Amino acid sequence: MKITLIPGDGIGPDIVAATKKVIEATEVDIQWEEKIAGENAISQYGTPLPDEVIESIKDNKVALKGPLTTPIGTGFRSVNVALRKELDLYANLRPAISFKGVQSRYENVDLVVVRENTEDLYAGVEHMVGEDAAESIKIITRKCSERIARFAFNHAIKAGRKKVTAVHKANILKCSDGLFLECAQKVAEEFPQIEFEDRLIDNMCMQLVQKPELYDVMVLPNLYGDIVSDLCAGLVGGLGMTPGANIGENGAVFEPVHGSAPKYAGMDKVNPTAMILSGILMLEHIEEKAAADCILKAVKEVIADGKRVTYDLGGTAKTSEMADEIIAKMTAG
Ligand code: NAD
């Protein structure tokens, strides 16, 4: 199948090349349609998000994307946010899984955060009230709450998971979070095979740092989802280890959580794991589970060995060398 490939800015081309090489070693039939977005697109197209990038993702329905730099002080808004809006990528999926060999306070974290990506306080409806007050409006709708809850349950089933926890503050925000919770409860009735529970956001944060093993899939409105997904990344060793996906009816974009780390651009130095794990999510999305499992097993082995890993994992390997080691493990069986 055809997949849009966006190498991205900064470290993007290095980690995307490593990921492409690893995916190609599985021999899954993919034709990459490479598209330029971000800083490199500005000189060529006069915009960091040319129409042909959007068209390519709409046609192919799936994209693998490196991080993009948001130019400061040029008037361009975030390309990442624009892409999510343009394609209505309403679900942000962020797994956080412990890897043996990665320094962290926890050993057995295996969580998935499903964040609503389009509304809540991030709808951008805010204004000053006179000079000394400001008002931001939190928008929660039945349509968006039901579809994100349904996404979370469907993901739980597809990924063989057991439980969905809806996270909210409905005791205080009785209208907005009350509606979110009501929608999650209603959708839960459609999925009797998956356990359902809800937690208040404050209690959830405490529980996650005390007993992360009690949780499985969490579904949250936009703002809580933003914060809790970073909290979960911290539980498993940080940015270099955390993949992500933004998914909607018109397409799905798979990308690491971290940014373009411009100071390491072109140095073949940074950790490709988050990007490779995003590639694994993409393979699962296109129903190539065997290839996804094969890469994941090899990534785990290489990190546990600790011999051919990048600087942030305590090694001296280059990005490309770590990818080659992963391929060697894959082909060794
Ligand atoms: P960043 O994630 O790019 O980098 C912060 C630091 O984290 C780096 O300096 C590096 O030390 C470390 N790091 C990040 N990725 C790593 C990796 N794979 N391996 C090892 N270490 C890694 O964050 P930033 O500096 O705040 O942002 C840089 C640019 O990236 C900005 O323009 C920002 O807008 C953009 N950004 C893009 C995305 C995206 O495309 N989805 C996400 C976040 C930030």
Side-chain angles (χ1 to χ4, degrees), residues 4-19 22 35-42 48-49 53 57 63-87 89 91-94 99 101-104 113 115 117 122 225-227 229-230 233-234 236-247 251-282 299 302-303 306 308-323 326:
T4 306
L5 184 73
I6 303 170
D9 296 318
I11 56 172
D14 285 348
I15 56 176
V16 167
T19 303
V22 168
K35 293 286 165 194
I36 299 174
E39 281 185 321
N40 294 332
I42 296 175
L49 187 57
V53 177
I57 302 174
L64 186 65
K65 171 186 162 297
L68 298 171
T69 301
T70 297
I72 297 172
T74 58
F76 288 113
R77 60 183 179 155
S78 162
V79 186
N80 301 301
V81 174
L83 199 57
R84 286 166 209 160
K85 278 218 158 109
E86 196 71 41
L87 294 164
L89 304 176
N92 178 225
L93 185 70
R94 294 241 319 234
F99 279 74
V102 178
Q103 232 189 354
S104 150
V113 177
R115 164 187 171 192
N117 235 352
Y122 289 33
D226 193 3
I227 297 166
S229 52
D230 268 29
V236 297
L239 283 178
M241 298 302 299
T242 324
N246 290 294
I247 301 176
V253 178
F254 296 84
E255 59 181 326
V257 167
H258 62 72
S260 57
K263 69 178 175 192
Y264 295 121
M267 291 168 72
D268 194 19
K269 182 178 166 89
V270 298
N271 186 354
T273 304
M275 188 76 226
I276 293 173
L277 296 179
S278 304
I280 291 175
L281 289 178
M282 185 198 79
V299 170
V302 169
I303 293 176
R308 304 275 284 172
V309 293
T310 48
Y311 75 97
D312 56 311
L313 296 175
T316 55
K318 292 177 178 299
T319 310
S320 54
E321 290 169 343
M322 187 167 164
I326 291 167

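When a ligand or atom number is given, it counts from 1 through the structure's own listing order. FYI, the numbering just counts along the sequence from 1. Nothing here was measured: the structure is a model prediction, and the numbers come from that model.
Taking a distance limit of 4.0 Å, we find that atom 38 (C) of ligand 1 is approached by some protein heavy atom. Within 4.0 Å of atom 30 (O) of ligand 1, at least one protein heavy atom is present. The protein does not reach atom 26 (O) of ligand 1 closely, with no heavy atom under 4.0 angstrom from it. For atom 44 (C) of ligand 1, a protein non-hydrogen atom is found at a distance below 4.0 Å. For atom 13 (N) of ligand 1, no protein heavy-atom neighbour is present inside the 4.0 Å cut-off.
Defined by atom type and a distance below 3.5 Å, a donor-acceptor pair is present between the side-chain atoms of Tyr122 and Asp226.
Looking at Arg94 and Asp230, their side chains come closer than 4.5 Å, going by heavy atoms from C-beta outward. Under the 4.5 Å side-chain criterion, counting only non-hydrogen atoms from C-beta, Lys269 is not in contact with Asp14. At least one side-chain heavy atom of Thr310 sits less than 4.5 Å from a side-chain heavy atom of Pro272. A heavy-atom distance below 4.5 Å is not found between the side chains of Val253 and Ile6. The shortest side-chain heavy-atom distance between Thr69 and Pro48 does not fall under the 4.5 Å cut-off. When side chains are defined from C-beta on, Met322 counts as touching Leu313, because their heavy atoms get closer than 4.5 Å. Residues Ile303 and Met241 form a side-chain contact, since some pair of their non-hydrogen atoms from C-beta on lies under 4.5 Å apart.
Given atom 21 (N) of ligand 1, the protein heavy atom at minimum distance is Tyr311 OH, 3.1 Å. Distance from atom 33 (C) of ligand 1 to its nearest protein heavy atom, with residue and atom name: Thr70 N, 4.3 Å. Remark: minimum distance from atom 41 (N) of ligand 1 to any protein heavy atom is reached at Glu255 OE1, 3.1 Å. Here the protein heavy atom with the shortest distance to atom 8 (C) of ligand 1 is Ala261 CB, 3.8 Å. In this structure, atom 9 (O) of ligand 1 lies nearest to the protein heavy atom Lys263 CE, 3.5 Å. When hydrogens are left out, the protein atom nearest atom 10 (C) of ligand 1 is Tyr264 CE1, 3.7 Å; that is the closest non-hydrogen contact. The single protein non-hydrogen atom nearest to atom 7 (O) of ligand 1 is Leu239 CD1, 4.0 Å, given as residue, atom name and distance.
Close approach to Thr69 involves these atoms of ligand 1, each under 4.0 Å from a residue heavy atom: 32 (O). Numbered from 1 in the order shown, with element, the atoms of ligand 1 that lie under 4.0 Å from a heavy atom of Asn80 read 37 (C), 38 (C), 39 (C), 40 (O), 41 (N).
The residue among Asn271, Thr273, Leu83 with a heavy atom at the shortest distance from atom 19 (N) of ligand 1 is Asn271. Distances from atom 2 (O) of ligand 1 to the heavy atoms of Gly259, Pro256, Ser260 show the closest one on Gly259. In this structure, of Leu68, Asp312, Asn246, Asp14, the residue bringing a heavy atom nearest to atom 40 (O) of ligand 1 is Leu68.
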What do the steps show when you test Asn92 against Arg84 for side chain to side chain contact (heavy atoms under 4.5 Å, CB included), and what is the final call?
-> CA-CA 10 Å; Asn92 178 225; Arg84 286 166 209 160; over 6 Å; no
Evaluate side chain to side chain contact (heavy atoms under 4.5 Å, CB included) for Asn246 paired with Leu83, printing each intermediate quantity in order.
-> CA-CA 10 Å; Asn246 290 294; Leu83 199 57; over 6 Å; no
Step by step, work out the side chain to side chain contact (heavy atoms under 4.5 Å, CB included) result for Lys65 and Asn80.
-> CA-CA 10 Å; Lys65 171 186 162 297; Asn80 301 301; 2.7 Å; yes
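Ligand 1 lies nowhere less than 4.0 angstrom from a heavy atom belonging to Lys269. Within the 4.0 Å heavy-atom cutoff, Ile15 does not count among the residues contacting ligand 1.
When non-hydrogen atoms are compared, ligand 1 lies under 4.0 Å from neither the backbone nor the side chain of Met275.
With Thr4 contributing its side chain and Ala63 its backbone, the two residues share no donor-acceptor pair below 3.5 Å. Between the side chain of Asp9 and the backbone N or O of Gly38, no donor-acceptor pair lies under 3.5 Å.
An N or O contact shorter than 3.5 Å links His258 to ligand 1 by distance.
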